[in-house]
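A short write-up of the structure that comes next.
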Amino acid sequence: MPPSPTQIMAEQYDHEELERRWRDRWEADGLYRSEVDWDRPKHYALTMLPYTSGDLHIGHWYAMAPSDARARVMRMKGFNVLFPIGFDAFGLPAENAAISSNVHPAIWTWENIERMRGQLRTMGSMFDWEREAISADPSYYVWTEWLFRRLYEGGLAYRGEAIVNWSPVLQTVLANEQVIDGKDERTGAPVEQRKMEQWFFAITKYAEELLDFSTIDWADPVKVMQTNWIGRSEGADVVFTTEAGEEIPVFTTRPDTLWGATFMVLAPEHDLVDALTSNDRRAAVDEYREATGRRSEIERMEVDREKTGVFTGGYAVNPVNGEKIPVWIADYVLLSYGSGAIMAVPAHDERDFAFARAMNLPIVPVIHPAEADPLDGDTMTESYVGPGVMVHSGPINGVETTDAKGRESPSVAAAIDWLGSNGLGKEAVNYRMRDWLISRQRYWGAPIPMLYRADGTIEPEQNLPVILPEDLVVTGGASPLTTDEAFLAATDSKGEPATRETDTLDTFMCSSWYQYRYLSPHFDAGPFDPEEAAYWLPVDVYTGGAEHATMHLLYTRFFTKALRDLGVFDETAAVMESHGRDPTGLFDEPMLMSRNQGQILGEERTGDRLVIAGEWDEDRFVATSVRVEDNAPVDAAPVVGELLEHIDGSLQVATGEGVVTVEVPDDADIEIPGTMAPNEVSQLREHVATQRMSKSRGNVVNPDELVERYGADTVRTHLMFAFDWEKGGPWNSHGIVGSRRFIEDVWKLGTTEYEPTTVSEDTSAALRRLAHQTIQKVDRDMMAFKWNTAVAALMTLRNRMLDERTSREVSTEAWDEAVSILLLLLAPIAPHITEELWHRAGNTDSIHLQAWPEADSVVATDPTVTLVVQVNGKVRDRIEVAPDIDEDAATAAAMASERIQTYLEQGEVQRVIARPPGLVNIVIG
RNA sequence: GCCGGGAUGGCGGAAUGGAAGACGCGGCGGACUCAAAAUCCGCUGGGCGCAAGCCCGUGUGGGUUCGAAUCCCACUCCCGGUACCA
């Protein structure tokens with residue numbers, strides 16, 4: 001028997017040679033250059049730009065490869081696609097590297113970019129590198145500065161006060177992550193909460209508009225989180241007065257309970273605390289304020305925490321009834337929320353109640369609960385927040401109160417109206433969201449282009465850019481900008497000497513507008529070229545980490561709205577109109593659609609199994625020898641188990657009976673098979689739990705090694721296949737072989753000749769049916785960001801094709817069509833191998849320039865479907881029926897089923913639920 | 001604490017009111033091989049049964065429904081964010 005074509009040895013799949021060859025070819029051909037073409041529909045796909053952390057890790061691939069694949073599908077669907085990349089290059093880690101490794105932030109950053117570029121290229125993504133933008137490049141940050149100036153001139157940037165982490169030892173401000181337990185992580189010195197002058201953006205002016213998501217398709221959880229973050233609440237501003245006549249404004253959502261206010265609480269940092277504090281209370285107040293400075297905001301907001309606070313000795317007058325009430329300070333009141341002061345109504349507020357009970361303050365109920373006895377302030381055990389009728393409340397006595405918020409509740413409406421007509425307060429809306437603090441007392445960031453004149457006035461620098469000097473040394477103390485004479489010396493617009501601002505900009509500002517810089521990174525007449533922007537804007541689909549839900553994704557929305565109002569898009573709108581594109585609403589939001597992936601965590605790793613000899617010394621075990629042995633039985637030595645942790649020469653070992661602490665003296669024998677003697681304790685492998693990858697944990701998965709071993713196509717396919725993308729999860733190094741086998745099978749299918757023996761029309765039709773169903777499935781899933789099921793559908797097609805290659809019953813036409821569909825659908829996911837096989841099949845132009853396959857719905861329709869027959873909800877039979885079967889016929893078929901008969905005899909048929917063609921449920925009783 | 005998300009075989013996951021476990025990893029059995037790897041074929045949620053088949057099963061406890069992994073209520077644990085990590 002002559003060898004069948006399938007038996008001919010297929011050419012070896014050499015991923016390395018093939019992938020490199022095609023990447024070079026694509027680059028030489030300019031395959032991924034995106035240029036404005038008003039005759040074609042555009043698609044701007046964007047993946048969050050990476051921070052220049054050093055090496056790309058698997059998480060970057062996880063974020064970018066699917067994003068790239070989807071952009072490729074859009075391109076095959078006929079869109080002119082822009083898919084750019086760049087680097088978020090300013091930020092704290094560069095300064096940390098400067099301190100720990102004595103390398104300048106600029107050098108560290110540019111070297112990292114160089115390395116990351118190379119790594120990104122191996123991904124085979126369709127990035128248009130000619131649009132690369134880097135936020136730390138002067139050609140970029142000149143426009144960051146320029147935009148700051150526009151916001152300042154437009155009244156959206158202002159100087160204000162904020163509390164910062166101040167390290168008295170380092171004489172600088174620390175990031176929250178640098179503060180551990182109230183201490184500086186580097187020096188261990190206590191950190192103070194200090195009020196400082198800072199620059200802010202007035203994002204709260206846009207709070208209302210930011211609550212409107214009606215024009216964008218973003219993930220629901222993000223919309224909910226942003227809505228809660230903004231935290232709109234309705235109520236009233238009411239002014240209390242101190243005995244000295246100073247005003248204490250408060251915001252309250254419950255102005256109807258003003259008559260129940262029995263005390264006030266100010267944030268310990270509140271400006272009036274000093275004035276209110278009596279001499280005999282000063283020591284206690286000062287001590288409490290200092291203690292508060294050591295607590296984080298998260299700690300302070302914990303509702304369940306035991307309430308603390310001190311009396312200032314001062315009193316305020318309740319404007320509604322003229323009563324004198326004591327003023328306290330407590331850390332549960334935050335300076336940054338509302339006015340930093342509250343009226344306390346312990347009878348009807350949970351936290352106020354807890355505070356009043358803890359401090360023995362009076363509790364006066366002003367709501368008579370519906371359908372219950374009146375409340376008694378002395379005996380209540382918890383605050384009452386439900387509906388009822390107002391009592392002891394002067395003009396609003398007898399008014400109903402409900403669970404509704406704001407004016408919806410009659411009592412709140414009545415109180416607001418009464419306060420208004422008596423000039424004691426007015427209706428107000430408060431937001432939890434604060435203005436955006438953009439000042440950083442740091443070196444490695446875009447300079448804030450402002451000048452301080454000798455007379456104390458300020459003005460923006462007109463000569464941009466303000467270049468960040470790169471000849472300074474980062475010490476970890478105060479920013480070197482604050483002492484650099486050459487940087488500080490400036491000239492104002494009148495030619496007078498002035499001093500430069502030394503704060504730099506929050507890196508979130510750099511990343512709030514990068515989607516615009518990508519359009520024309522070399523454009524020097526503005527932040528972006530209106531000719532490009534008019535065509536490409538807005539971003540059609542944005543993907544990135546779910547961890548950016550509130551901050552980055554809110555900031556970038558604000559930024560776009562602000563730029564719109566400042567007229568930055570006016571010229572772009574004019575260009576749009578000249579091309580017949582209506583710009584209405586196109587600059588209200590930066591990204592029309594947004595979806596977010598989860599995080600890839602480090603792989604869980606078991607520690608070495610240790611066999612330890614020695615003897616017990618009370619509750620610890622002192623080792624004479626430690627041996628690594630994978631399958632050692634539990635009774636091989638006194639202590640046998642997995643190494644969990646290694647701390648200062650002692651080992652934590654998980655044995656069958658719990659965790660044992662093992663002391664390992666210097667003279668103990670240590671034996672690790674497969675390593676060179678002498679062995680040391682430090683060579684033992686500890687257990688690593690799944691958690692975020694970091695260099696210090698040693699659990700970073702390096703994509704370079706995976707690419708070298710399996711090829712970029714396999715790595716891309718696997719990342720899209722092995723996870724629920726929106727969820728993420730721990731990396732598992734074992735599963736990738738399955739994706740590699742899939743790619744190898746595709747190689748086999750694409751490189752071996754197919755020749756049928758006896759063609760079966762049914763088998764051919766069945767393969768065609770599956771191929772066209774696969775088109776439907778893959779198309780739907782890729783559009784819906786369900787990469788894993790798209791790849792699974794392709795694997796299913798692969799499985800069937802391998803079967804039919806053996807059966808040889810499929811016609812050549814059906815076979816060739818299936819191969820072509822498989823390659824075209826896989827091309828966006830595995831761009832290299834599909835390009836190679838496409839060319840081997842005799843095509844001369846790139847597979848990535850082909851049209852996305854369209855399913856023939858007639859070919860894809862199944863001739864029969866399975867009807868599930870249930871009795872009382874349990875599956876008892878399955879019958880093949882026509883897909884268009886009606887209710888009566890389905891019921892008849894189900895009742896006629898042989899297997900069902902025994903069940904029908906067991907009782908009366910009560911009901912039949914028919915959901916043709918899939919299900920009939922017979923309820924018997 | 002607050003806001004958002006999650007929990008399904010040994011593992012990653014699929015199924016968003018109608019067949020639980022698609023697809024893949026791993027495992028088990030077999031073929032090929034002197035042998036191993038690779039590859040190929042078969043099986044693979046748990047239990048009972050010679051079998052036909054039956055029972056149980058989606059973090060926990062309750063509920064709605066003819067029918068619940070999916071909807072509702074209460075809870076447990078895990079992940080992300082919490083305003084200077086990005």
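In the text below, chain A, chain B and the rest are named by the order of the sequence lines, each starting its count at 1. Hydrogens, waters and symmetry mates play no part in the numbers below; they use all other heavy atoms, side chains included.
- Nucleotide B/C34 has no partner under the Watson-Crick or G-U criteria, as no pair reaches both atom distances under 3.5 Å.
- Note on A/N921: a base of the nucleic acid sits closer than 4.0 angstrom, heavy atoms only.
- Residue A/R741 has a polar side-chain atom (N or O) positioned under 4.0 Å from OP1 or OP2 of B/C25.
- Note: A/W731 and A/H718 have perpendicular aromatic rings, judged against thresholds of 30 and 60 degrees for the angle between ring planes.
- Within the 4.0 angstrom heavy-atom criterion, only backbone atoms of the sugar-phosphate kind lie near A/V737; the bases stay farther away.
- Base contact: A/H548 has a heavy atom under 4.0 Å from a base atom.
- Checking the phosphate oxygens (OP1, OP2) of B/A14, a side-chain nitrogen or oxygen of A/N788 falls inside 4.0 Å.
- Base pairing of B/G26: its partner is B/U44, meeting the Watson-Crick or G-U wobble criterion (both donor-acceptor distances under 3.5 Å).
- Residue-level contact check: A/M48 touches neither bases nor backbone, having no heavy atom under 4.0 Å from any strand.
- Contact annotation for A/F721: base contact, defined as any heavy-atom pair under 4.0 Å involving a base atom.
- Nucleotide B/G49 has no partner under the Watson-Crick or G-U criteria, as no pair reaches both atom distances under 3.5 Å.
- Close to B/C66, at under 4.0 Å from its OP1 or OP2, lies no side-chain N or O of A/R915.
- For A/R798, a side-chain nitrogen or oxygen approaches OP1 or OP2 of B/G24 to under 4.0 Å.
- B/A7 is paired with B/U76 under the criterion used here, namely a Watson-Crick or G-U wobble arrangement in which both key atom distances are under 3.5 Å.
- As judged by a 4.0 angstrom heavy-atom cut-off over every strand, A/S739 is placed among residues making no nucleic acid contact.
- Within the nucleic acid shown, A/S53 has no heavy atom closer than 4.0 Å to any nucleic acid atom.
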